[in-house]
Amino acid sequence: MKRWLMEILACPICKYHPLELHVFVEEEEIEEGVIYCPKCYRWYPIIEAIPHMLPDELRDRKEDLEFLKRWKDKMPSEILERGKPFNAKDLR
Amino acid sequence: MSLRVKEIGDVFNRIAKSFDKTRRKPWRCAIEAIEGLTEGRILDAGCGNGRHLLLLSSMGFRVVGVDLSKELIRIAKRRIKEFSLTNEAELIVGDIRFLPFKDEVFDGVLAIAVIHHIPGVVERVRTLKDMKRVMKPHAKAVLTAWSIWSLKRLWRAVMYKFKRPFSSEFGDAFIPWRLGSDTVWRFYHLFTAREFRKIIENAGLKAIKSYGERKKYGLFPENLVVVAVKIDTH
C-alpha cells in the first residue's frame, strides 16, 4: 500500500476521515501496519501490503488476533486498550 | 444476510486459481467509465483478479480495487507488481456494501459482474447508493450483471424459488462452478434489463446507456450493461 491511498480512505463503517496510519514495515510500499479510526475505534490491518477493511461480521477473528499478537509491541496503546472489534482483552 | 455474503467470499477464495485462469480478458464496456478522461481516479468495485485494474492503471489512471476474496486480491496484487504498476494501482480486501472511502473521490467506477452477487434488493440499492456517494459529480459508472434470459438460468431461478418460496426473490439462483470433480455453488441474483436499470436509478444514478454484452453465442446476450452518471451531488 502506498501512502497516497490515505488521502481517500475513510472508515467503511462510520465513514470518518482522516484515518490514522501506523506503519510497522515499509519498503517500496507499506508492507505491514495498521489503519485506525479514531471515531469508532475500529482498526484495520495491512498485511503483505494489502489493507483489510471489512465490516465486523466478515472479519477473520483468528487472523486478526494473530496480527494483534504479532505487532503487540508496535501497536498504539489505544488500539490495544479499546480497539474494535478485537483488542488486547481478547488475547488473554 | 451477511452469512450469505461471507459464503460468497469463501467460495471465491476456493475457486480463485481456476477463476483466474479463465478471467484474463477485460470487458469491452469497461472503457466507457473513462470515456473523455485522460487522467483520474477509478474505483474497481469487486475487482476479482484485477483484469480491469491492470488495463486502466497501465493507461495512467490511478485505480483502487476492492474485493471480498483475499485470494483474488492476492493474485491481483502479484500481477500489479509484475507489471510495475504499484504506484498506480491499490488493492483492498473489503465488502463493496461498505466502501472504505470518503465522499466524492472517484472520477469513474466499475462494477463488473458484481452487483448480482448481493442478496436482497434493499442491500443492492444501498450498495449502489454508497457507490454514488464516493463518485465525484458527473463521474460515470459502468455496471454489469447477469441476465436471466437463458433457458438454463431461468430454470435455475425457478428451482431456487420453488425450494425457498418465502425466503427468496425471483431471479435468485445458485450457479455451479466446476472445480475438478467438485462443484462449488455461487449465489446470483439474475436480472431482467428493466430491473437492473431500475435499481441503479433507484439509487439516484442516471442511466445514460444500457445494452447487452455477449460472451457466448446464445439467443440473448448473457450480460446486462448500464452506463450511469451522477447528476446531483446528494
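Taking both residues in full, the closest heavy atoms of B:F98 and A:P55 are given as CD1-CG, 3.6 Å, listed atom of the first, atom of the second, then distance. When all heavy atoms of A:L5 and B:V64 are compared, the closest pair comes out as CD1-CG2, 4.0 Å.
Annotation: side chain of A:I50 is in contact with side chain of B:V93 (closest heavy-atom distance under 4.5 Å). Counting only heavy atoms from C-beta outward, the side chains of B:K102 and A:L9 never approach each other to under 4.5 Å.
Side-chain atoms of B:E90 come within 3.5 Å of backbone atoms of A:K2 as a donor-acceptor pair (strictly under, hydrogens ignored). Looking at A:W4, its side chain does come within 3.5 Å of a backbone N or O of B:N87 through a donor-acceptor pair.
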Result block: side-chain N/O donor-acceptor pairs under 3.5 angstrom for residues 134-141 of chain B, not counting sequence neighbours:
unit_1, atom_1, unit_2, atom_2, d
B:K136, NZ, B:D107, OD1, 3.0
B:K136, NZ, B:D107, OD2, 3.3

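At most 12 non-hydrogen atoms from other residues, nucleotides or ligands lie less than 6.0 angstrom from OH of A:Y41. Within 6.0 Å of the CZ atom in A:R59, the count of heavy atoms belonging to other residues, nucleotides or ligands exceeds 12.
Of the atoms belonging to A:H17, it is side-chain heavy atoms, and not backbone ones, that fall under 4.5 Å from chain B.
Within the model, atoms CD1 of B:I92 and CD1 of A:I46 stand 10.0 Å from one another, a figure rounded to the nearest 0.5 Å.
Taking 4.5 Å as the heavy-atom cut-off, the residues of residues 67-85 of chain B that approach chain A are B:L68, B:K70, B:I73, B:R74, B:K77, B:K81, ordered by number.
Between B:D130 and A:K15 there is a salt bridge, with a side-chain nitrogen of the basic residue lying less than 4.0 Å from a carboxylate oxygen of the acidic one.
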